[in-house]
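First the structure, in the form of structure tokens, and then the observations on it.
Residue numbers count from 1 along this sequence. In what follows, every heavy atom counts, from backbone to side chain, and hydrogens, waters and symmetry copies are set aside.
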Amino acid sequence: NSLYNYKLGEFKLPYNYYFRKETFRVSKLFFDKDSSILVGNHLGLWRYSGGEVKLYDPNRELLQARITDIASYQNNHLLLATKGEGFLFLLNDSIIRLGFANGLVSDNLKNILVDDNRIWLASNNGLSIVTINSLTPFQYNIQNITLKDGLLSNEVNSMLDIGDNVVVGTNNGISYIDKKEVFEKQLKALPLLIRSVQINNRVVQEDQLLHLNYLNRSLNISFEALNY
């Protein structure tokens, strides 16, 4: 219900704490590059410095979304997981927002894991991996991993980077994700077999498709393909 500061060896009473009339439910503490402490909670992103807690930027409404996790990219750019606003990337003076509409599995995120130029985002709908290809201009691609891809559950609670694997804690147990299998495996195109082509409900041969007049308005292609 607040932010407390204790001295080592003196844990009976807090040395200092921040008081607000409404509950100040802290979900994440993060040491920023300027040695201040960033605080994430249901009221947004805050900064604790000199015994005071203030909004990180009261002029930016996005930063007042519910913050569930805080991380940094290249020790220079803040990364925020939010509940409702997706993923926020603070790039210089800009805020880049990625959400469900951009390809993430959810706008309600829980955790962030930074792995080189890849940012893993945990949610109740699975994992989203944002690969940063360039900062100027900002270019990225998104890959999602869900129950359909082998996760034990889409309810992802935590992640841990261990060498070539990412360990994912879910509601149904632990999943191990092999990075090489996910990012380096080259999939061959599946075979596609065209069974027949019909024009105006009549089966035709290939050479009859070279020149079609305006009366041939109904084109139907029957095909078969492997689909898992």
Side-chain angles (χ1 to χ4, degrees), residues 25-34 36-47 55-151 153-161 165-171 175 177 179 182-183:
R25 185 180 300 169
V26 177
S27 58
K28 179 69 176 182
L29 296 178
F30 181 83
F31 282 88
D32 200 8
K33 58 185 178 180
D34 62 358
S36 62
I37 299 175
L38 300 185
V39 183
N41 73 351
H42 65 294
L43 301 173
L45 181 65
W46 300 70
R47 186 192 300 276
L55 276 171
Y56 185 86
D57 189 341
N59 298 318
R60 300 198 183 193
E61 188 175 351
L62 268 180
L63 297 184
Q64 297 178 43
R66 181 172 180 176
I67 306 297
T68 54
D69 201 5
I70 307 172
S72 66
Y73 183 74
Q74 297 181 347
N75 295 320
N76 196 37
H77 307 290
L78 281 178
L79 310 176
L80 305 175
T82 76
K83 190 168 185 179
E85 295 293 344
F87 169 62
L88 304 181
F89 191 116
L90 277 63
L91 182 59
N92 300 323
D93 294 328
S94 302
I95 299 178
I96 297 171
R97 178 186 177 273
L98 299 178
F100 182 77
N102 305 102
L104 298 186
V105 291
S106 176
D107 285 329
N108 298 311
L109 305 177
K110 288 185 175 181
N111 298 114
I112 300 174
L113 173 65
V114 180
D115 170 30
D116 196 19
N117 68 321
R118 300 188 185 103
I119 302 167
W120 298 61
L121 304 170
S123 78
N124 289 338
N125 291 329
L127 286 172
S128 289
I129 306 168
V130 180
T131 301
I132 307 298
N133 300 316
S134 170
L135 291 179
T136 51
F138 187 74
Q139 296 178 340
Y140 66 93
N141 64 275
I142 296 174
Q143 184 172 355
N144 295 321
I145 300 177
T146 66
L147 192 66
K148 294 180 181 179
D149 303 299
L151 275 185
S153 169
N154 281 339
E155 292 268 354
V156 179
N157 301 309
S158 61
M159 300 172 291
L160 183 64
D161 184 14
N165 298 288
V166 171
V167 183
V168 181
T170 76
N171 277 14
S175 293
I177 299 179
K179 298 179 190 177
V182 172
F183 301 112

- Under 3.5 Å, is there a donor-acceptor pair between the side chain of Asp116 and the main chain of Arg118?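 Not at all, since once roles are kept as given, no pair shorter than 3.5 Å links the two residues.
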- Query: Under 3.5 Å, is there a donor-acceptor pair between the side chain of Asn154 and the main chain of Thr146?
  - Reply: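 Not at all, since once roles are kept as given, no pair shorter than 3.5 Å links the two residues.
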- Item | For Phe30, all residues meeting ring pair (Phe, Tyr, Trp, His ring centres under 6.0 Å), sequence neighbours excluded |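 Once residues adjacent in sequence are excluded, Phe30 has no partner under the ring pair (Phe, Tyr, Trp, His ring centres under 6.0 Å) criterion.
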- Item | Ile67 vs Asn41, side chain to side chain contact (heavy atoms under 4.5 Å, CB included): CA-CA, chis, key distance, verdict | CA-CA 5 Å; Ile67 306 297; Asn41 73 351; over 6 Å; no
How long is the straight-line distance from [atom2] of [Y] back to [atom1] of [X], given to the nearest 0.5 Å?
X      : Y      : atom1 : atom2 : value
Ile70  : Thr82  : CD1   : OG1   : 11.5 Å
Leu109 : Leu127 : CG    : CG    : 10.5 Å
Lys179 : Asp161 : NZ    : CG    : 3.5 Å
Arg60  : Leu90  : CZ    : CG    : 6.5 Å
Ile95  : Asp57  : CD1   : CG    : 7.0 Å
Glu85  : Arg66  : CD    : CZ    : 13.5 Å

Write down the atom of [X], the atom of [Y], and the distance for their closest heavy-atom approach.
X      : Y      : answer
Val105 : Ser128 : N-OG, 3.0 Å
Asn144 : Asp149 : O-OD2, 3.6 Å
Leu63  : Leu88  : CD2-CD1, 4.3 Å
Gly150 : Ser175 : O-OG, 4.4 Å
Pro58  : Gln64  : O-NE2, 3.1 Å
Gly103 : Ile142 : O-CG2, 3.7 Å

- Under a 4.0 Å N-O cut-off, is there an ion pair linking Arg97 with Asp107? yes
- Determine, stepwise, if the pair Thr68 / Asn111 fulfils side chain to side chain contact (heavy atoms under 4.5 Å, CB included). CA-CA 7 Å; Thr68 54; Asn111 298 114; over 6 Å; no
- Task: Say whether Lys33 and Asn76, considering side chains only, have a donor N or O and an acceptor N or O under 3.5 Å apart.
- Result: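 The criterion, which ignores hydrogens and geometry beyond distance, is satisfied for Asn76 and Lys33.
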- Message: Can you confirm whether the side chains of Asn124 and Asn108 place a donor and an acceptor under 3.5 Å from each other?
- Response: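 No pair is found: no donor N or O on one side chain lies under 3.5 Å from an acceptor on the other.
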- CG/Asn75: more than 12 non-hydrogen atoms of other groups inside 6.0 Å: no
Hey, are the side chains of [X] and [Y] touching, using non-hydrogen atoms and a 4.5 Å cut-off?
X      : Y      : value
Val39  : Tyr56  : no
Leu78  : Leu38  : yes
Ile119 : Tyr140 : no

- Message: With side chain to side chain contact (heavy atoms under 4.5 Å, CB included) as the criterion, how do Leu135 and Asn92 come out once you've worked through the C-alpha distance, each side chain's angles and the decisive distance to 0.1 Å?
- Response: CA-CA 10 Å; Leu135 291 179; Asn92 300 323; over 6 Å; no
- Item | Given Leu98, Leu80, Asp69, the one that forms side chain to side chain contact (heavy atoms under 4.5 Å, CB included) with Phe87 | Leu98
- Message: Would Trp120 and Ile177 count as a side chain to side chain contact (heavy atoms under 4.5 Å, CB included) here? Give the steps.
- Response: CA-CA 12 Å; Trp120 298 61; Ile177 299 179; 4.0 Å; yes
- Message: Check for me whether the distance between the ring centres of Phe89 and Phe138 falls short of 6.0 Å.
- Response: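 Yes: the rings meet the under 6.0 Å criterion.
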